[in-house]
Student: 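The structure under discussion is supplied below as structure tokens; questions concerning it will follow.
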Number of protein chains: 2
Amino acid sequence: MPEDSLGVPPGTLIMLILRVLQHGPLHGYAIAQRIHALSAAVLQIEEGSLYPALQKILLKGWAEGEWGVSETNRKVRFYQLTPAGRKHLATEVADYDRVTQAIQSILRPARS
Amino acid sequence: MPEDSLGVPPGTLIMLILRVLQHGPLHGYAIAQRIHALSAAVLQIEEGSLYPALQKILLKGWAEGEWGVSETNRKVRFYQLTPAGRKHLATEVADYDRVTQAIQSILRPARS
DNA sequence: TTGACAGGCATAGCGTAACTAGGTATAGAT
DNA sequence: ATCTATACCTAGTTACGCTATGCCTGTCAA
């Protein structure tokens, strides 16, 4: 892993994947690239993390997978968010925000 | 665990402990209470997480432990931040902020 | 006075989740 | 022809917080 890129915090990977899928279907490799790019190259998802996470997403019914051909002419699997996936994403983001706020209130309390 | 309290995200526990120790020495039980209170009861640290984390903190030299007596007259171990602990805390907070920013830029990109 | 309860410390084992390391395969470029 | 980037997948490891459990001691009510 490049030394100035970090892995995502445990518990956030699936949320991030579902979030980038909100723009429209993507294949796995493109999902990792999108997260890398959107995060200004701070976040890096390893393939050994990505594909198991996608399997779980399919299994949970948060996205549907469909084999197709990429813009670079390769056989790829496109993932499309389901309504259940959208709903799950919303609750995940809400929980994440709640916890993040709580951590901020410890790192930077109103009155130190 | 109370259902409206959550565990801390993996990777943040030691940072939070060191942070509350910046105000001055505390014993273990009080550390957990402080984090709970400062987070408006959102974050809950279980004892099975707390004490192993404190062991690691001692081992790494981020704090020193000293046995004493609590305000409630019980034998307790007070933890005091070391210079190394302060330094480690600073880098942990910096990394955390960097990643948190990156995640925000995916959850809420400037242009959607 | 004794028993429950809260405060307080500690560890073994578990579960979750991301990572390392390895494998397979193909399109396009040199 | 072979190298590189693209693309998918899995087994095993590791990190880390949690559950469950055990132990001890003040305080307070019955």
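In what follows, chains are A, B, ... by sequence order, proteins preceding strands, each numbered from 1. Computed over heavy atoms, backbone and side chain alike; hydrogens, waters and symmetry mates excluded.
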Student: What heavy-atom pair brings S49(B) and L13(B) nearest, and what distance separates the two atoms?
Tutor: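 Of all heavy-atom pairs spanning S49(B) and L13(B), the closest is O-CD2, 3.7 Å.
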
Student: Could you tell me how far apart R77(B) (CZ) and dG8(C) (C1') are, to the nearest whole angstrom?
Tutor: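 After rounding, the gap between these two atoms is 12 Å.
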
Student: For DNA chain C, whose closest nucleotide is more 5', that of A53(A) or that of N73(A)?
Tutor: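 The residue closer to the strand's 5' end, by nearest nucleotide, is A53(A).
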
Student: How many Å lie between CG on L16(B) and P on dC16(D), as a whole number?
Tutor: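 Atom CG in L16(B) sits about 14 Å away from atom P in dC16(D).
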
Student: Specify the residue among Y51(A) and I14(B) whose closest nucleotide of DNA chain D lies further upstream toward the 5′ end.
Tutor: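 On the 5' side of the pair lies Y51(A).
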
Student: Side chain of R77(A), backbone of G65(A): donor and acceptor closer than 3.5 Å?
Tutor: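 Between the backbone of G65(A) and the side chain of R77(A) there is no qualifying donor-acceptor contact (under 3.5 Å).
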
Student: Y79(B) near the nucleic acid: base, sugar-phosphate alone, or nothing, with a heavy-atom cut-off under 4.0 Å?
Tutor: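 Here Y79(B) touches the backbone only, sparing every base.
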
Student: Rounded to the Å, how far apart are Y29(B) OH and dC5(C) P?
Tutor: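 Rounding to the nearest Å, OH of Y29(B) and P of dC5(C) are 15 Å apart.
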
Student: Between dC8(D), dA10(C), dG8(C), which nucleotide has the shortest distance from any of its atoms to the side chain of H27(B)?
Tutor: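 That would be dG8(C).
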
Student: Write down the distance between CG (L54(B)) and P (dC9(C)), rounded to a whole number of angstrom.
Tutor: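 Going from CG in L54(B) over to P in dC9(C) covers 8 Å.
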
Student: Would you indicate what S49(A) reaches in the nucleic acid, counting non-hydrogen atoms under 4.0 angstrom: base, sugar-phosphate, or nothing?
Tutor: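 Base contact.
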
Student: Could you check which of dA18(C), dA10(C), dG8(C) has an atom nearest any side-chain atom of V8(A)?
Tutor: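 Between dA18(C), dA10(C), dG8(C), the one nearest the side chain of V8(A) would be dA18(C).
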
Student: Given atom CD of E47(A) and atom P of dC19(C), what is their separation to the nearest angstrom?
Tutor: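 For the pair E47(A) CD and dC19(C) P, the rounded distance is 12 Å.
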
Student: Which nucleotide wins on minimum distance to the side chain of T72(B), given the candidates dG7(C), dC8(D), dT6(D)?
Tutor: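 Of all the options, the side chain of T72(B) is nearest to dG7(C).
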
Student: What is the distance, rounded to the nearest whole Å, between atom CD of Q55(B) and atom C1' of dC9(C)?
Tutor: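 Roughly 9 Å, once rounded to whole Å.
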
Student: Would you indicate what G28(B) reaches in the nucleic acid, counting non-hydrogen atoms under 4.0 angstrom: base, sugar-phosphate, or nothing?
Tutor: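 Counting heavy atoms under 4.0 Å across all strands, the contact made by G28(B) is with sugar-phosphate only.
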
Student: Between R74(A) (CZ) and dC8(D) (C1'), how many Å, whole number?
Tutor: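 Value for this atom pair: 12 Å.
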
Student: To the nearest angstrom, how far is Q33(A) atom CD from dT6(D) atom P?
Tutor: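 After rounding, the reported distance stands at 6 Å.
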
Student: Please determine, by modelled atom types, if R98(A) and Q101(A) share a side-chain donor-acceptor pair under 3.5 angstrom.
Tutor: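 Absent: no donor and acceptor within the cut-off.
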
Student: Would you call the rings of H27(B) and F78(B) parallel, tilted or perpendicular if under 30° counts as parallel and over 60° as perpendicular?
Tutor: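 Ring orientation of H27(B) relative to F78(B): perpendicular.
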
Student: Partners of Q104(A) by side chain to side chain donor-acceptor pair (under 3.5 Å), sequence neighbours excluded?
Tutor: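 Q104(A) satisfies side chain to side chain donor-acceptor pair (under 3.5 Å) with R108(A) only.
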
Student: Between P10(A) and P52(B), who's closer to the 5' end of DNA chain C by nearest nucleotide?
Tutor: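 Result: P52(B).
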
Student: Look at K56(B) and dC16(D) and indicate whether a side-chain polar atom (N or O) is within less than 4.0 Å of OP1 or OP2.
Tutor: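 Answer is yes, contact under 4.0 Å.
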
